[in-house]
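See structure below.
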There are 2 protein chains.
Amino acid sequence: MDDTADGIARWRKVADEIRAMIGAAGAGAPDRLPVETELAARFGVNRHTVRRAIAALAAEGLLRPERGRGTFVERRPDRIVYPVGARTRFTENISQNARQAAGRLIGSGRESADRHIANQLQLAPGAALVRLESLNVADGVPLSVGTSWFPADRFPRIVAAYAETGSITKALAAHGVADYARRSTRITAERVAHDDAEHLGCASDAIVIVSESANYDADGVPIQFSRSRFLADRVELVFDS
Amino acid sequence: MDDTADGIARWRKVADEIRAMIGAAGAGAPDRLPVETELAARFGVNRHTVRRAIAALAAEGLLRPERGRGTFVERRPDRIVYPVGARTRFTENISQNARQAAGRLIGSGRESADRHIANQLQLAPGAALVRLESLNVADGVPLSVGTSWFPADRFPRIVAAYAETGSITKALAAHGVADYARRSTRITAERVAHDDAEHLGCASDAIVIVSESANYDADGVPIQFSRSRFLADRVELVFDS
DNA sequence: GAATATTTGTACGTATGTATC
DNA sequence: AGATACATACGTACAAATATT
């Protein structure tokens, strides 16, 4: 299988060599790779073996192959800092780090509560909900997509209000919620869903940080359950404790 | 390239069909895939095309191919809940959710502070540090690996103390630190590093939640900076606010 | 703008290695 | 030991997107 007989696949060695190439120096570091055929010749392997190595490095976010153009070294910009606390509000938070922040409605619907959401919102399973899908953008760069569920009877016009204002806070205010807070936040991470990748304009194998939380009004009544997917490449969450 | 002429690669269609196969039902759902040659015959494509599809689904965590055995459907267990707060301590936290929790020393060393860590520990760049690598296991399942840095002059024997006790808290106590707390936690997510994957016993393309934080003693002096990598498949972090 | 060359993406074929059954 | 099943590797061809002439 590999003629080096040390049990390491060739494509892994090629990947390591490429890693060394691109990680060599900061200033003189190349920003693009030689073409696949030349790499294959240089390493004495088949083009497919080079491609296997490139695919692995691309999955790590180190390379970005573009059909017809070449394979480029990924220089990832610093991540935008997203502070999470009891009073987290997207627009206000992000505008501390970015020049422009906006939320946009990308979908909505009505559905009945499954067990998990019913529990979070302290409703009976099957209760009527409004679902709201939003895309959050800072400085023109999509950062996250979020799905929120609201009790339909209390927030009948939440979708329209959000579509107008681009702000959950304002949409809630239009329903008489002057203040709200979150209590706890569950954090997981996974590969981005297909639909989310399209909205976020990211690679189909990108990683998202998933944040689930509920918001409560001043009386402690749950008013919103949300599940946000943050692009891990572009955002870091900061929790103060 | 594909004879369907709708611009969708064949391997993607095969992936979708396999996804449908395994996601069919809860009870009667298969727990393993037919062998690659049979899938290739069934879908009328080459075995490599099937493999490309399987690789994509494996990257999503849906399949787990095992050499010589077959390709299995991944049924992921519920994640262990890991509460994060000012007084987060691994052993105490996890033992609320698991029967057994333990930390094990997997590496250590001495190094000098780079800019980032020096800043976090309020030291001059180049200051002497002790680095401690640990593997955290609950119920025999590796959950996370962590790297911690301590000022070398204040915690000269921290590695030995941790090796003996398996607890950072106790190792710090041996150096006279009765209490400590964290102030903020930075959360990112990325693909697991190669070395970490070996310790965690996970797939090489698994996702980890990366948590960076500093701990401070009762006088507010930073005593530890740590970078923990939690397997996203096995753990969820919960922050109270 | 059109034709051509370059470069990555997909697909199939074939062979062999390695782990498991 | 033999059969089975996934892993790696090379070869070939063409498609699709981009760059160049």
Side-chain angles (χ1 to χ4, degrees), chain A residues 1-18 21-22 30-59 61-74 197 201 203-205, chain B residues 1-18 21-22 30-59 61-74 194 197-198 201 203-205:
Chain A
M1 172 170 67
D2 54 287
D3 55 8
T4 50
D6 57 359
I8 309 288
R10 276 195 190 168
W11 67 263
R12 290 188 186 277
K13 298 183 182 177
V14 171
D16 286 341
E17 297 205 58
I18 294 175
M21 280 174 56
I22 65 182
D31 62 343
R32 70 169 289 166
L33 236 54
V35 299
E36 294 171 351
T37 48
E38 194 204 311
L39 288 172
R42 185 185 305 185
F43 297 130
V45 300
N46 188 273
R47 176 174 163 236
H48 287 312
T49 307
V50 171
R51 282 181 60 73
R52 182 78 176 83
I54 289 176
L57 295 174
L62 265 57
L63 295 178
R64 172 176 35 83
E66 293 184 26
R67 178 191 294 204
R69 304 212 332 121
T71 300
F72 301 88
V73 178
E74 197 65 283
S204 61
D205 60 351
Chain B
M1 172 170 67
D2 55 287
D3 56 9
T4 50
D6 58 359
I8 309 287
R10 273 194 194 171
W11 68 264
R12 291 190 186 276
K13 298 184 182 176
V14 172
D16 286 341
E17 297 205 57
I18 294 175
M21 278 174 58
I22 65 182
D31 63 341
R32 70 170 289 166
L33 237 53
V35 300
E36 294 172 349
T37 49
E38 194 203 312
L39 288 172
R42 186 185 305 186
F43 297 130
V45 299
N46 188 274
R47 179 174 160 238
H48 286 313
T49 307
V50 171
R51 281 180 60 72
R52 183 77 175 82
I54 289 176
L57 296 174
L62 266 56
L63 295 179
R64 173 175 35 82
E66 293 184 26
R67 180 190 294 202
R69 302 208 335 117
T71 299
F72 301 88
V73 178
E74 198 62 286
H194 184 265
E198 295 202 345
S204 62
D205 59 351

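Chain letters run A, B, ... following the sequence lines, proteins first, then strands; residues in each count from 1. Scope of the values below: all heavy atoms of this structure, side chains included, with no hydrogens, waters or symmetry mates.
Per the geometry, CD1 belonging to A:I8 stands 13 Å off C1' belonging to D:dT8, to the nearest Å. When rounded to the nearest whole Å, the span between NZ of B:K13 and C1' of C:dA11 equals 13 Å. Between the CD1 atom of A:I54 and the C1' atom of C:dG9 there is a distance of 12 Å, rounded to whole Å. Rounded to an integer number of Å, the gap from CG of A:D205 to P of C:dG9 is 12 Å. One atom, CG of A:L39, and another, C1' of C:dT6, lie 15 Å apart when rounded to the nearest Å. Straight-line distance from the CD atom of B:E38 to the C1' atom of D:dC6: 15 Å, rounded to whole Å. Atom CG in A:L63 sits roughly 11 Å away from atom P in C:dG9 (whole-Å rounding). With rounding to whole Å, A:R64 atom CZ is found 17 Å from C:dT7 atom P.
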Write down the protein N/O and nucleotide N/O pairs, taken from nucleotides 18-21 of chain D, whose separation is under 3.5 Å; answer none if there are no such pairs.
| unit_1 | atom_1 | unit_2 | atom_2 | d |
| --- | --- | --- | --- | --- |
| D:dA19 | OP1 | A:R69 | NH1 | 2.4 |

Could you write out each protein N or O paired with an N or O of nucleotides 1-3 of chain C at a distance under 3.5 Å?
none

What N/O pairs connect the protein and nucleotides 12-14 of chain C at under 3.5 Å? Give each pair on its own line.
| unit_1 | atom_1 | unit_2 | atom_2 | d |
| --- | --- | --- | --- | --- |
| C:dC12 | OP1 | B:R10 | NH1 | 2.6 |
| C:dC12 | OP2 | B:N46 | N | 2.9 |
| C:dC12 | OP2 | B:T49 | OG1 | 2.3 |
| C:dG13 | OP2 | B:N46 | ND2 | 2.9 |
| C:dG13 | O6 | B:H48 | NE2 | 3.1 |
| C:dT14 | O4 | B:H48 | NE2 | 2.7 |

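Annotation: side-chain contact (heavy atoms from CB on, under 4.5 Å) contacts of B:E66 (sequence neighbours excluded): B:R64, B:R69, B:F72. For the side-chain contact (heavy atoms from CB on, under 4.5 Å) test, residues two or more places apart in sequence or in another chain that qualify with B:A56 are B:W11. Considering only residues two or more places apart in sequence or on other chains, B:V45 meets the side-chain contact (heavy atoms from CB on, under 4.5 Å) condition with B:R10, B:V14, B:F43, B:T49, B:V50. Annotation: side-chain contact (heavy atoms from CB on, under 4.5 Å) contacts of B:R51 (sequence neighbours excluded): B:E36, B:R47, B:H48. With sequence neighbours excluded, the residues satisfying side chain to side chain donor-acceptor pair (under 3.5 Å) with A:R42 are A:E38.
Atom-to-atom distance recorded for B:I18:CD1 and B:I54:CD1 is 5.0 Å, nearest 0.5 angstrom. The line from CD of A:E74 to CG of A:L57 is 12.0 Å long, rounded to the nearest 0.5 Å.
For A:W11 and B:E66, each mapped to the nucleotide of DNA chain D holding its nearest heavy atom, the one lying further toward the 5' end belongs to B:E66.
A close approach under 4.0 Å does not occur between any side-chain nitrogen or oxygen of A:T37 and OP1 or OP2 of C:dT7.
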